[in-house]
Every structure is written in C-alpha cells, then in structure tokens.
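Every chain is numbered from 1 and lettered A, B, ... according to where its sequence line falls, protein lines coming before strand lines.
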Amino acid sequence: MIQQPLLSTPLYDLHVELGCRMVPFAGYNMPVQYQSILGEIKAVREGVGIFDVSHMGRFFIDGTDARALLNWVHTANINDEMPFGRARYGLLCKRDGGIIDDGIVYRMSEDVYMLIANAGNSAKVFDWLTYWRNERFPEARINDSTTHISMIAVQGPKAIELVASISEFDPDLVRPFRVTRCLVDERPAMVARTGYTGEDGVEIMPHAGDSPRLWKKLIAAGAVPCGLGARDILRLEAALLLHGSDMDETVNPIEAGLERFVAMDTDFCGKEAVEAVLKKGKQRQLVGFRTIERGTVPRSHAPILVEMSAIGEVASGAFSPTLDMNIGLGYVPNRFAAPGTALTIEVRGKFLDAVVVPLPFYSRPSP
Amino acid sequence: MEIPVDRRYSNEHEWALLEDDGTVRIGISEFAQHELGDVIFVETPAVAARVTKGENMGEIESVKAVSDLFSPVTGEVVEINADIKSRPELVNEDPYAGGWLVRVKPDDAGELDSLLDPAAYKSITE
C-alpha cells in the first residue's frame, strides 16, 4: 500500500507546541488528547471546550443550480423556505439508499451554500457533487475551501457566553442551526451554531491564517483545548452517529434511525430506495444499549448475541463518564430492538450483560 | 518521568516491590499510566489465584483501549487493591502507591533479581 504523507491543519504547530498528543486520522495528523480525555469531556459538559475540526471538508456551492444540486444530493429539504442563515443536517445517499456521508448544509446567501463533509469522505463527496453537477446541474459551481478556512468548534454550556465575549456574535439572533458572518477576535469569520457534542455551542470558521491566534484567544478566555478522543465519546453520549462506524454505504437512513432527516416531500438521490424500505419495512435497525456492569468496555466490532447466537455487532462503544456506564450502538434485527431487550456482548471471550435503551443516552439539561 | 529506586520493573511496564513480610506488591509504572491515558477499569486476578511471571494476569481498560496485564513474578495472589474498583483513576494519579494492583506471595522472592533495575527500566522508557 502506498503511504500518503499526512496532512496537517493550520493549528498543527500550535497543538504540538502546547503538548497535545497527535495521531493519524482520516489522512491528517490530528490532536487526540490534550490532557485527559475524561477531563476534556467534563469541561465540555460543564464549561467550554474547543476542538480543531479543520480536517472536515468545507465546500461552497454557488450559482443558479446550487440549490437544486444540493436538494438532489442531500436528504434535507434545501429547496424552498430555507432562509439565509439556516443550516440543515441530512445525508448523501447512493441510488440504493446507502449512505455516502452525512453533513450539514448552510445557506450563506441567495445562491451560496456551504456543505461540511466528514474528513474521511471529503474526496468522495467532492466527486459525487461534481458528478451530479456535470450530469444535471451545470449552473452550479463547487469550490473546495477546506484549506483556506479553518474550523474550531467551541462547545459546552458556557460556550455561547465565551464566544460572545470575544466577538460580535449575537446569540439571540443566531439560534441553533443557524449561521452568520461576523468579527471574531476582530477578524472576519463564519460562525455556525452547530456542533457534534450534544451541547450548545458554535463552530467558528476563520481564515486559516487567523486560526492559531483565535485558538490562543479562546484558551485565554477560559476554554479547555480538547482532542478527538473526547469528541468521539461526547458525540456517542448524545447518540450523534459517526459515518464509517454507525452508518455507511451498506445501510439506509431508515435502518440508521435517521428518518427525521429525510424530507420525503422532495426529490433526492436514493429516494426510491428509501420509499421501498418504508413500504416493506426495515429488516434491522440501529439501537443503543448499555452494559449492566461498569467493567469491561464493549468496543467496535464486538459481537452482539441473543441466546448465544450472533445477531449483530457493536458499531460504536465506549465508557461514558457523564453517565458512568458503558454505552454502545449496534444494528440488530427488528425483533431485538425494543428498549428493555436483553443482549449479550462478547468481548475477548467474556460475555457482558447489556440491555437496549432509548436514544439519546445523554441530552443536555434544558436551560 | 518518575521511577522509584526501591523496586524492580518488567519490560511490560509493571513494577514489583518486595515488602517486609516477603510479599510482592505489583502495579504499573508512571510511563505506562501515561501511555494508557485515563484508566476506567482494571480486571485483576482473584485472591488465591496463581500467577506466573511473564504471563497474563488481567486487563487494564483505559478510555482509549484495553491492554493486558502481565505478572512480574510467579506466586499466589494474597490481596487485591479494593480501592481501584471504585476509583480506577488512582492508577493514573498515584501509580506507585495508592494505585497498586495486587499483592502476591512469590514462590521465590529471588525471582525479582531477574527483573529490570530502575536504571535499566529508565533506558527502555526513553
């Protein structure tokens, strides 16, 4: 196999200087842990944490066909009544309903949209957009801005207050799932009220060159720098799926439990397949479970058993410090999907008692 | 990184401390706890179980991954650290004292001499 050299984000040197542990992830050399993963999770649940997520793909789509292109490749309704400054989560599906990637579409202005893709799927998403542009939507332009702008997620119950204190961001105007452009630490940036932790917060997108000073400014203002290790557990606690683990091209949005992000009143790629699943009924579905004992952690690929027969495997699994229990997601046949169903997880020859629980595992307290 | 000079070490980053009563207290090194990150669960052998030098005697789970524990001596387990059941973070916070794992009555205390001395252990952590 040919080893590609690792890419780095504009914050790489600063992460190293600040003593962060770096690991290869999706082709990038990424921060996995600054101090303690548990400490970082606590900071995000109780205060404010920051994450370098500049590795994610940022595509600008503009032109008179931009809206139609996005409405076709993305399962959310991008077609009408999506005002400026709104953001919608959804999926990119193949014709057979298999999930190519998940991502948020932001409407920046009349005919300008931004789509954020997972780092590992960026190239595939760009090719998919380009294919459909060439095929059907010639008046759309696709610009990959991943390297020109950085992305710093600021997440936690105190995130909004902290960001407001160093920027012109107005949280009363920019509600959740909205985006704006404003000065942050006196430099222009896009600020989206979205995230991947289950907490309130924003994702700030400054020019790449401005990101190190912003990272330092956020730390000086009291934010705790966090790595991808904490982010993965935070998103699992909130039952936010990870493409590649919890869904991929072999499952459809209905099996993945993402029905509410599929706008059946619009025409999107994969709609016929999704309709067929809705008509016929899904064969399996993604469920959440927790183990009865706190001990051994059920991790990805551990077999899920019922009466000693394998019925599925763990998609994501981890110890949840917020809930003080082991949690996980996995696909099981429908008849084992009801909350309360007893499951067994096999981990290195040990059999862990588990039970299906409703999702999400964690939701933030109402303000 | 701290390496106390009163004990011996294994290549697998366990330490073994000979106590006055002839038993050997066992834990993992500062280097090991740092590499593992936050410890969330330790599976130790039960009291009265036999352990064998260099062989698996349990598992240590951190947030990131699970690792095998190897016994640095051969003998019989006489005590396990009950505190780490409820507070596994002791392994991170105090690996050489409060975060010890098990105490073993060795068949032959002389076996400790075959382990690494602090200087030799230091060299494998650099």
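One finds the CZ atom of A:Arg299 at 10.5 Å from the NZ atom of B:Lys64 (value rounded to the nearest 0.5 Å).
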Test salt bridge (charged side-chain N to carboxylate O under 4.0 Å, His left out) on A:Arg348 and B:Glu61 and set out the steps. CA-CA 13 Å; A:Arg348 298 179 301 279; B:Glu61 290 251 10; 3.4 Å; yes
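The shortest side-chain heavy-atom distance between A:Val297 and B:Val66 does not fall under the 4.5 Å cut-off.
Atom CZ of A:Phe25 is surrounded by 12 or fewer heavy atoms from other residues, nucleotides or ligands within 6.0 Å. Taking a 6.0 Å sphere around CD of A:Glu307, one finds it holds 12 or fewer heavy atoms contributed by other residues, nucleotides or ligands. For B:Glu93, the CD atom is densely surrounded, since the number of other residues' heavy atoms within 6.0 Å is greater than 12. Atom NZ of B:Lys122 is surrounded by 12 or fewer heavy atoms from other residues, nucleotides or ligands within 6.0 Å.
Ranked by heavy-atom pairs under 4.5 Å with chain B, the first of A:Ser36, A:Pro321, A:Gly39 is A:Ser36. Of the listed residues A:Thr296, A:Val347, A:Ile37, A:Ile233, the one with more heavy-atom pairs under 4.5 angstrom with chain B than any other is A:Thr296.
With a 4.5 Å cut-off on non-hydrogen atoms, B:Glu59 touches chain A through its side chain but not through its backbone. Heavy-atom distances place no part of A:Gln35 under 4.5 Å from chain B, backbone and side chain included.
A donor-acceptor pair is defined here as one N or O able to donate and one able to accept, closer than 3.5 Å; no such pair exists between the side chain of A:Arg294 and the backbone of B:Phe41.
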